[in-house]
There are 2 protein chains.
Amino acid sequence: MFKKVLIAEDFQDTNAGIVSALSNKLNIHELQEELYCDKAFNRIKVAHSNGVPFELLITDLLFKENHVDRKLTSGVDLIKAVKTIQPSIKIIVNSMEDNPSKVKSLFKEQNIDGYVCKGRHSLNELTAAILEVYQDNTYLSPQINMTSNQNVIELEEFDISILTELANGLSKKEIAEKFKQNNMTPNSESTIDKRVSKLFDDFGAKNTTQLIAILTKDGLI
Amino acid sequence: MFKKVLIAEDFQDTNAGIVSALSNKLNIHELQEELYCDKAFNRIKVAHSNGVPFELLITDLLFKENHVDRKLTSGVDLIKAVKTIQPSIKIIVNSMEDNPSKVKSLFKEQNIDGYVCKGRHSLNELTAAILEVYQDNTYLSPQINMTSNQNVIELEEFDISILTELANGLSKKEIAEKFKQNNMTPNSESTIDKRVSKLFDDFGAKNTTQLIAILTKDGLI
DNA sequence: CAACCCCTTACAGATATCTGTAAGGGGTTG
DNA sequence: CAACCCCTTACAGATATCTGTAAGGGGTTG
């Protein structure tokens, strides 16, 4: 079993729940916890340079802001930073995110080893995930697969750019101008019109306002 | 100290964290937990009719959907149901919600005794809250007061109706017609125009799309 | 290379949005 | 009760949104 594991999770109650469950169920020699990404990163860096590296990082994705200044503000930031100094470390993400395309991108882009979706079986899943990852396998929360039919529509980067600007209150004409200034292509107002109209069909929206409401609620923008 | 306490919280890890912390810190004789609102309600009902009622309910606000059919789908539903059979029970809400006006309405409308905001000090706060509530005082998470300057703008019910319909893709003309059909007043397109323009000022939005994006992100609609 | 599809772009026309002006009604204040 | 404020409503005019048509360019297929 892993001998040295770090948990990064900003909710004290969740953090405590994970620690107590893992202490009881698995024989992990050293189980440490942090409430901040920056502190978690430092701990991994120090352990690594002292020749006693962590073998597994269990991290949340969202970390609440507070008065403390932060360099690393999210789980993804933390993962990227950790991978630069210790690429071989195993990583399990434990979060409430249940959007399949977002979770899939964690595996694809951040190269994580396991994903556990917070819910009524988190702790059982987390134990299973640790056992799988220890065997060099990956683990994906079954909750993610179940809902995977819902969000088949993948947004292209270009669509996201348009949607983000619309949510920021720019008109389509202004978006076209901005794209031209930044040498992004395509950039005609007509094309932007067409793209947005296509998204109306994809998401069943009647107009821009409803489209942005739907996508914001789904967390896609 | 309270002798009989029930925890309603759907995240297994958070649930476990609360139970282990309270077992260690407070001398509560009977500490039970439930992952579903309906089950929590049944447990309270049975205990009450058996003459061994719970004295304190600690509940989350949001409970995840899954394949199980649910009558009570939120913490507020649960609180309302519990109060009908046992109005004297003490209630502490433990949730991630940090919008001051939403939290204040829990005290005002649901008559709760304490509010703890999930975060880096949840467990310490929860312990403090239980001690306060046991003394017949109320408890409010300090995190809520700190952010209270941000959301001073209170949305009227009329504004919310308009915004909800806009997010559903209705045009202002359609909203005016719907209001007239439902005998809601005021209901002219012009008034709706004016109200929405006022909200642009209040929230710093340039158009309807941005306004809906802002309010959806804030969880106000 | 002709036929085809898909994307981009321009343009036109019908609606919708947004802002400003003005009139009137109800309530409050001096 | 006159002066005032605030809200509602109507209306007008400038823009913005949305849909549809059409032309052209690049890539693929037979």
Side-chain angles (χ1 to χ4, degrees), chain A residues 101 152-218 220-221, chain B residues 101 152-218 220-221:
Chain A
S101 59
V152 276
I153 304 148
E154 296 264 339
L155 289 174
E156 289 176 35
E157 205 176 326
F158 181 62
D159 296 323
I160 303 232
S161 302
I162 297 173
L163 292 164
T164 308
E165 298 299 353
L166 285 172
N168 285 335
L170 271 66
S171 72
K172 288 168 180 173
K173 187 183 280 184
E174 289 170 326
I175 295 173
E177 281 161 10
K178 186 164 183 179
F179 282 6
K180 274 163 197 158
Q181 276 174 22
N182 298 351
N183 292 321
M184 290 172 61
T185 167
N187 55 34
S188 77
E189 199 184 333
S190 180
T191 300
I192 292 170
D193 268 343
K194 288 278 177 291
R195 285 296 188 111
V196 175
S197 293
K198 191 178 172 308
L199 293 173
F200 291 171
D201 292 342
D202 290 347
F203 291 94
K206 289 177 207 154
N207 53 37
T208 308
T209 302
Q210 188 182 12
L211 180 65
I212 296 297
I214 291 170
L215 294 178
T216 310
K217 264 178 200 146
D218 284 357
L220 292 174
I221 52 172
Chain B
S101 59
V152 278
I153 303 149
E154 295 264 340
L155 290 174
E156 290 176 35
E157 204 175 328
F158 181 63
D159 295 323
I160 304 234
S161 302
I162 297 172
L163 293 163
T164 307
E165 297 299 352
L166 285 171
N168 285 335
L170 271 66
S171 73
K172 288 167 180 174
K173 187 183 282 185
E174 289 170 326
I175 295 174
E177 282 161 10
K178 186 165 182 178
F179 283 6
K180 275 165 196 155
Q181 276 173 21
N182 298 351
N183 293 321
M184 291 172 60
T185 166
N187 55 35
S188 79
E189 199 183 333
S190 180
T191 299
I192 293 171
D193 267 343
K194 287 278 177 291
R195 285 296 188 109
V196 175
S197 292
K198 191 177 172 310
L199 294 173
F200 291 170
D201 292 342
D202 291 346
F203 290 94
K206 288 178 208 153
N207 53 38
T208 307
T209 302
Q210 189 183 11
L211 180 66
I212 296 296
I214 292 170
L215 294 178
T216 309
K217 263 178 198 145
D218 284 358
L220 292 174
I221 53 171

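Treat the numbers as computed from the prediction; the structure is a model and nothing was measured. Just so you know, these numbers use all the heavy atoms, side chains as well, and skip hydrogens, waters and symmetry mates.
- Scanning all heavy atoms of the two residues, the minimum distance from B:Ser161 to B:Met184 falls at OG-CE, 4.1 Å.
- Annotation: salt bridge (charged side-chain N to carboxylate O under 4.0 Å, His left out) contacts involving residues 167-177 of chain B, sequence neighbours excluded, comprise B:Lys172-B:Asp193.
- Contacts between residues 204-217 of chain A and DNA chain D, counted as heavy-atom distances below 4.0 Å, involve A:Asn207, A:Thr208.
- Distance check, rounded to the nearest 0.5 Å: OG1 of A:Thr185 to NZ of A:Lys180 gives 10.5 Å.
- Within residues 182-196 of chain A, the residues that place at least one heavy atom under 4.0 Å from DNA chain D are, in residue-number order, A:Asp193, A:Lys194.
- Note that CD1 of B:Ile192 and CG of B:Asn187 are 7.5 Å apart. Values are rounded to the nearest 0.5 Å.
- Within residues 160-180 of chain A, no residue has a heavy atom under 4.0 Å from DNA chain C.
- Going from atom CD1 of B:Ile175 over to atom CD1 of B:Ile162 covers 7.0 Å, rounded to the nearest 0.5 Å.
- Applying the salt bridge (Lys or Arg N to Asp or Glu O under 4.0 Å) rule to B:Lys178 yields the partners B:Glu165; only residues at least two apart in sequence or on another chain are considered.
- Distance check, rounded to the nearest 0.5 Å: CD1 of B:Ile221 to NZ of A:Lys217 gives 6.0 Å.
- Legend: residues meeting side-chain hydrogen bond (donor to acceptor under 3.5 Å, both in side chains) with B:Asn168, ordered by chain and number and at least two apart, are absent.
- Listed by chain and number, the residues in a side-chain hydrogen bond (donor to acceptor under 3.5 Å, both in side chains) with B:Lys198 are B:Asp202 (sequence neighbours excluded).
- Tested against A:Arg195, the residues A:Glu189, A:Glu157, A:Glu156 include a single salt bridge (Lys or Arg N to Asp or Glu O under 4.0 Å) partner, A:Glu156.
- Residues meeting the ring-ring contact (aromatic ring centres under 6.0 Å, His included) test with B:Phe200, sequence neighbours left out: none.
- For residues 171-197 of chain B, every residue pair satisfying the ring pair (Phe, Tyr, Trp, His ring centres under 6.0 Å) rule, not counting sequence neighbours, is listed here: B:Phe158-B:Phe179.
- In the helix from C:dC1-D:dG30 to C:dG30-D:dC1, the rotation axis of the first five pairs and that of the last five pairs differ in direction by 20°, rounded to 10 degrees.
- A:Thr216 OG1 to B:Leu215 CG: the interatomic distance, rounded to the nearest 0.5 Å, is 10.5 Å.
- In this structure, the side-chain hydrogen bond (donor to acceptor under 3.5 Å, both in side chains) partners of A:Thr191, at least two apart in sequence or on a different chain, are A:Ser188.
- For DNA chain D, the outermost nucleotides in 5' to 3' order that have an atom under 4.0 Å from a heavy atom of chain A are D:dA16 to D:dT21.
- The CG atom of A:Leu163 lies 9.0 Å from the CG atom of A:Leu220; values are rounded to the nearest 0.5 Å.
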